[in-house]
Amino acid sequence: MMIVMKPTASEADIQAVIDKIENVGSKAHSSRGEEVTVIGAIGHVEDEVHVAELGLEAYPGVDRVVPILKPYKLASKQFNHGKPSVLEIGGRRIGGEDFALIAGPCTVESRDQTLTTADAVAAAGAAMFRGGAYKPRTSPYAFQGLGQEGLRLLAEAKARTGLPIVTELMDTRDIEAVAEVADVVQIGARNMQNYTLLSEVGRSGLPVLIKRGLSSTLEELLMAAEYVLKEGNENVILCERGIRTFETAYRFTLDLTAIPVLKEMTHLPVVVDPSHAAGRRALVTPLSLAAAAAGADGIIVEVHPEPEEAICDGPQQLRADEFAAYAAQVERAAAVAGKVFTAAAAG
Ligand code: PEP
Ligand code: MN
């Protein structure tokens with residue numbers, strides 16, 4: 001249920017509605033727009049009935065009470081007055097007109113590899129630095145990430161370049177360590193439906209980047225976001241990273257249609273990962289340009305100083321010394337969709 005307040009509603013009117021909703025067991029999430037405040041009454045299905053019975057229409061300051069028809073409530077476009085959300089992360093904006101280029105290695109391997117890559121992407125105007133310290137690997141025998149040591153190297157990269165850090169959390173037991181370094185906690189494709197993990201990062205209040213599961217629908221992706229939002233954490237970024245289809249000529253099929261469709265469904269920013277979708281370096285630039293021109297709010301891309309030597313995902317990582325030329329191309333494509341490359345402004 002969504003309670004739309006009048007532009008003239010006072011703080012006391014808003015608080016009175018919140019109190020009523022919470023008294024019958026639902027949670028009130030308010031979203032303050034430029035003109036009006038909207039209060040979402042979110043709870044179990046039976047709580048919805050209790051909220052409907054309150055007769056909130058008659059309360060001072062209330063304009064109207066409308067049902068949120070989608071199963072995802074707080075993530076729905078309707079809940080944010082039909083407007084896109086703009087998140088601010090370490091001084092970088094993402095969403096609306098602001099485009100963020102997030103770049104860095106697949107995994108943190110060594111001090112030299114991490115800092116060389118961080119310097120290269122910072123110099124080329126990236127908005128944030130990515131790198132995994134905990135890696136979800138298909139094989140349990142493959143390199144699993146440097147863990148705590150990887151986090152320490154990411155902290156060093158951040159201190160040196162000023163770039164906010166995006167890094168993956170796989171296990172709730174590591175949340176405190178990851179939270180010390182991460183400006184954005186990444187939830188990997190394989191964990192998109194790990195609801196305990198999603199609720200926990202929701203409670204941490206840290207910005208979260210959720211990658212679409214390999215075989216997940218957009219509605220399932222939005223329900224994953226809802227797990228974070230329902231904890232009162234509004235800082236959620238969605239990521240299209242390629243899905244499984246019958247096609248075997250490339251690693252995954254990058255679903256570009258997801259960009260405009262998600263923008264109809266949700267107010268949350270949408271970024272695209274061309275690296276994991278493509279699996280091959282030669283495909284990364286064309287897919288990035290297409291994603292930016294289609295209106296993505298950002299790109300998260302893998303970069304390595306020596307991809308031939310990379311411990312994982314070498315064939316798809318861009319070369320660090322070619323990154324500046326790549327970033328310039330992406331910036332032009334983003335402009336086609338009316339987006340400003342905030343990286344350049346913030347860098
Ligand atoms: C990653 O971005 O490091 C990663 C493992 O991606 P995904 O979860 O999309 O496979
Ligand atoms: Mn990777």
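Quantities reported herein were computed from a predicted structural model and do not represent experimental measurements. Quick note: residue numbers are just sequence positions, from 1. Remember, it's 1-based here, ligands and their atoms both numbered in the order they're listed.
Per-residue contacts place Arg190 under 4.0 angstrom from the following atoms of ligand 1 (heavy atoms of the residue considered): 7 (P), 8 (O), 10 (O). Each of the atoms 1 (C), 2 (O), 3 (O), 4 (C), 6 (O) of ligand 1 lies under 4.0 Å from some heavy atom of His276. Residue contact check: Gly188 has heavy atoms under 4.0 Å from atoms 8 (O) of ligand 1. Each of the following atoms of ligand 1 lies closer than 4.0 Å to a heavy atom of Arg241: 7 (P), 9 (O), 10 (O).
Looking only at heavy atoms of the protein, atom 5 (C) of ligand 1 is closest to Pro136 CG, 3.8 Å. Annotation: atom 6 (O) of ligand 1 to nearest protein heavy atom, Lys211 NZ, 2.9 Å.
Side-chain polar atoms of His81 and Glu35 form no donor-acceptor pair below 3.5 angstrom. Side-chain contact check for Ser288 and Tyr326: at least one donor-acceptor pair (N or O, by modelled atom type) lies under 3.5 Å. Residues His276 and Asp313 have side chains that bring a donor and an acceptor to within less than 3.5 angstrom of each other.
In terms of distance to the Mn ion (ligand 2), the nearest N, O or S atom of Glu302 is named OE2. Asp313 contributes atom OD2 as its closest N/O/S atom to the Mn ion (ligand 2).
Residue contact annotation: Cys312 places no N/O/S atom under 2.8 Å from the Mn ion (ligand 2).
Asp171 has a carboxylate O that lies under 4.0 Å from a charged side-chain N of Arg173, or vice versa, which qualifies the two as a salt bridge.
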